[in-house]
Each structure stands twice: as C-alpha cells, then as structure tokens.
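To keep things clear, I will list the structure first and then write my remarks on it.
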Amino acid sequence: MNETRKELNRVFWVLTGFKVGYLLTVLAAVLLWSDPNLGEIARLPQRWPRHGKPTFANHFAPWDAGYYLSLSEAGYTEGDAACAFYPLWPWLMRWFAPVTGGNHLMAGLLLSNVCSLAAWVLFRRLVARRWGTTAANWSLVFLAVFPGSLFFQFNYTESLFLLLVLVLWWALEERRYGWAWLAAGLLPLTRGVGVFAVLPIAWHALQPARPWLRLWWRERDCAALLGLPGHEVAGRAWLLAAPLLGWGIYLALMGYWTGHPFEGFEAQKYWGVHSIGNLWNVPKFIVGLFTPTEWHAFTGSVLDRCAFLLLLDCLPLLWRLDKGLLVWT
C-alpha cells in the first residue's frame, strides 16, 4: 500500500510539473510573439469579454471558452448562440470565481487543470490495475502530450467530461453505485454526448446474464432459464436512469432559463455543423469523410480524418483486450 501511495504521489507531482511547464511555455510564447493579433481575436464568434475590446486575457479564452465565460458571468438568454453550450461547466466557474477574486477566467483555468490532473491520475491507476504499470505509463504519456491535450489545460469542458467518464468507469468496476449515479447524471449536463453513458452502463448491467445467455444458447434448454440472475441484472439496470435523469434536468433548466426546453438544439443553427441529426445521417458522414478540403481546419480536415481512421484501426485490438472497451468507445 505504501509503495502504491508513493508511486501515485510521484505521478501526481510529475503531472503537476508538466502542467506548470505547459502553461509557462504558452505564456512565454504569447509574450514573445511579435504580433499578438488581437484584431483577429475580435472577429472570433465569441461573447467574451461581453463589453469593450479584446484584452491580453483573450489569448487564454478563445473560441468556445469565450461562450463559457459569458454564460458563467451572465447566464442563458433566449436566442443567444451560447445556449448551444451545456450548463455544468459555466456553473462550476461561477461557483468557484469567489476563490479567484471574482475572476471567472482564472477560475476556469484552475478548474480545468485540477479536473484534468485528477482524471490523468485516475486514468493511470485504472489502466495499471488492469494491464500493468508499463502500459499505464505509456498510455498516460500519449494522453498528456498529444496535440488535443491543449484543451485539458484551458477553459473547455474536456477536463471535466474526462474526469466524469473515468469516475463512472471506476465506480462501475468497484460497484460504487452512488458515485456511478453521480457521474452518469452529471455527464449530460457537461456535454450532450454524455447521455450515451447508457451504453457502458447497459453493458455493465448485463454482465451477470452473459454466462446464462451462453449456456442457454449452447444447451437450448428451458431449464437453463432457472439460472437467470434477474435480481443482479435489475439491481444494476436502475443505473440506466441516471444519464436520462441528467438529460431531463438539462431540458428543465433550459426551459426555466429561456422559456424553451429545446433552446439548446435551436441554437445549433448558428454554426450549421452541430446538428443532432448528424448522428444518423450516414450518407452525409460518408461523403464528408472522403471529401477533405484542408490539411487542418474547423471542417474538412485531413488530419482529423487520419485520426479517425487510426481509431477504426484500433477497434479490433480493443475487442481482443476487452469487449467492454469497444462499448465505451
């Protein structure tokens, strides 16, 4: 136990040092950059600062971060494009802002780094327990240094969402269903895709029934029905209500704040690419996949498509390692 605690402490401080170095490097790059180009920042489709011209702080709150800061400071308003963003993250910034002297930007930066640091430590612990220390260390390195980890350092929801997903994973494995309920309920309040937590929860709920299903399929004997662990399945299946409840709370809150429960979906029209209909528009997906337009951009990115193809290539390996990983993916 002492060795494990010592190892966790070492990982914690290494990751903390990495984060401090990361942020100092970004700060130095911004300070030394010959042309900060705040005029370009002013043209970004963001709502922060809500009044006046862009400031130096805008370098640390671009794009979506500006919307979250606006929501943290002023809340939701009917017809505002910011309604497309989910409420838990701006809530946390608002609640934590008094700790930073009322500075919502600093509150978001601290929260993002604390959440991602906790998520990284938990991630390494979970991977080490199942696949060993070497796999855990390399997995953590790739998670921390890949380009997209930029969002784990700044005012975005990725840190909180990753932490909640890992808490749910840990809670299901440890059968800590109170924590599972909390994480699954908060995921849809963080990002819309959080409602799909029902999939790994359903996989977990059906685990006790899998041996029975294999037996029944092999024997084709009705007597095998007597072995159905129905109470175990039912005892876990109630967790499926958690993300659905979280989704319902989100709709109720949007209705209270704006007068329309589906105001968030309506606000997606301001971007034109974030429609929920994309989830089942397979022809559009196929056409888009094979018609890239630029090496890397908001849409039409070759780099994004390469990353997606790499993910597809990993699916057979995930299936061999643990079929449950495929459900999580």
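Every heavy atom of this structure was used, including side-chain atoms; hydrogens, water molecules and symmetry mates were not.
Residue Arg305 comes nearest to Gly288 through the heavy atom pair NH2-O, 2.7 Å, listed as atom of the first residue, atom of the second, then distance. The minimum heavy-atom distance linking Leu321 with Leu325 is given by the pair CB-CD1, 4.2 Å. Taking each heavy atom of Gly21 and Thr25 in turn, the nearest pair found is O-OG1, 2.7 Å. Heavy atoms only, all atoms of each residue included: Pro200 and Leu172 are closest at O-CD1, 4.3 Å. Thr77 and Cys83 make their closest contact through O-SG, 3.1 Å (heavy atoms, listed as atom of the first residue, atom of the second, distance). Looking at every heavy atom in both residues, Leu244 comes nearest to Leu240 through CG-O, 3.5 Å.
Using a 4.5 Å heavy-atom threshold, the side chains of Tyr68 and Thr157 count as touching. Contact check for Val11 versus Leu140: side-chain heavy atoms found under the 4.5 Å cut-off. In this structure the side chain of Phe60 never reaches within 4.5 angstrom of the side chain of Asn155, judged on heavy atoms. Looking at heavy atoms from C-beta onward, Phe152 lies in side-chain contact with Leu143 at the 4.5 angstrom threshold. Under the 4.5 Å side-chain criterion, counting only non-hydrogen atoms from C-beta, Val165 is in contact with Trp328. In this structure the side chain of Glu78 never reaches within 4.5 angstrom of the side chain of Glu266, judged on heavy atoms. When side chains are defined from C-beta on, Leu253 counts as touching Trp91, because their heavy atoms get closer than 4.5 Å. Considering only heavy atoms from C-beta on, Leu318 comes within 4.5 Å of Leu315 through its side chain.
A side-chain donor-acceptor contact under 3.5 Å links Ser159 and Ser112.
Residue Phe151 holds its CZ atom at 13.5 Å from OG of Ser116, rounded to the nearest 0.5 Å. Atom CG of Leu15 is separated from atom CZ of Arg10 by 10.0 Å, given to the nearest 0.5 angstrom. Distance CG/Leu163 to CG/Leu122: 7.0 Å, rounded to 0.5 Å. Residue Thr258 holds its OG1 atom at 4.5 Å from CD of Glu263, rounded to the nearest 0.5 Å. Taking CG of Leu88 as the start and CG of Leu160 as the end, the distance is 5.0 Å to the nearest 0.5 Å. Atom NE2 in His204 sits 6.5 Å away from atom CZ in Arg175 (nearest 0.5 Å).
At distances below 3.5 Å, at least one donor-acceptor pair connects side-chain atoms of Ser301 with backbone N or O atoms of Asp304. At least one donor-acceptor pair closer than 3.5 Å links the side chain of Arg94 to the backbone N or O of Leu71. Not one N or O on the side chain of Arg124 forms a donor-acceptor pair closer than 3.5 Å with the backbone of Ala136. No donor-acceptor pair closer than 3.5 Å links the side chain of Gln153 to the backbone N or O of Asn113.
Taken together through direct or relayed side-chain contacts under 4.5 Å among Ile, Leu, Val, Met, Phe, Trp and Tyr, Phe308 and Trp295 form parts of separate hydrophobic clusters. Cluster annotation: Leu182 and Ile201 are assigned to the same hydrophobic cluster (Ile/Leu/Val/Met/Phe/Trp/Tyr, side-chain heavy-atom contacts under 4.5 Å, transitive). Residues Leu92 and Phe96 fall within the same hydrophobic cluster, defined by Ile, Leu, Val, Met, Phe, Trp and Tyr side chains chained together at heavy-atom separations under 4.5 Å. Linking ILVMFWY residues whenever their side-chain heavy atoms come closer than 4.5 Å, directly or via other members, places Trp280 and Val282 in the same cluster. When hydrophobic clusters are built by joining Ile, Leu, Val, Met, Phe, Trp and Tyr residues whose side-chain heavy atoms come closer than 4.5 Å, directly or via intermediates, Leu309 is not grouped with Val302.
Of the candidates Asp64, Leu105, Leu109, Phe154 forms a side chain to side chain contact (heavy atoms under 4.5 Å, CB included) with just one, namely Leu109.
Ring centers of Phe123 and Trp120: at least 6.0 Å apart, outside the cut-off. For His260 and Tyr76, the ring centers sit 6.0 Å or farther from each other. The distance between the ring centers of Tyr86 and Phe161 does not fall below 6.0 angstrom.
With sequence neighbours excluded, the residues satisfying salt bridge (charged side-chain N to carboxylate O under 4.0 Å, His left out) with Arg191 are Glu158. Applying the salt bridge (charged side-chain N to carboxylate O under 4.0 Å, His left out) rule to Arg176 yields no partners; only residues at least two apart in sequence or on another chain are considered. Residues passing the ring pair (Phe, Tyr, Trp, His ring centres under 6.0 Å) test with Phe196: none are found, sequence neighbours excluded.
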What verdict does the side chain to side chain contact (heavy atoms under 4.5 Å, CB included) test give for Trp203 and Leu199, after you've listed the backbone C-alpha separation in whole Å, the side-chain angles of each residue and the deciding distance to 0.1 Å? CA-CA 6 Å; Trp203 177 263; Leu199 298 177; over 6 Å; no

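By the 30° and 60° cut-offs, the orientation of the rings of Tyr22 relative to Phe18 is perpendicular.
For Trp95, the CH2 atom is densely surrounded, since the number of other residues' heavy atoms within 6.0 Å is greater than 12. Enclosure of atom CZ in Phe146 by more than 12 non-hydrogen atoms of other residues, nucleotides or ligands within 6.0 angstrom is indicated. For Trp179, the CH2 atom is loosely surrounded, since the number of other residues' heavy atoms within 6.0 Å does not exceed 12. Within a 6.0 Å radius of CH2 in Trp131, other residues, nucleotides and ligands contribute more than 12 heavy atoms.
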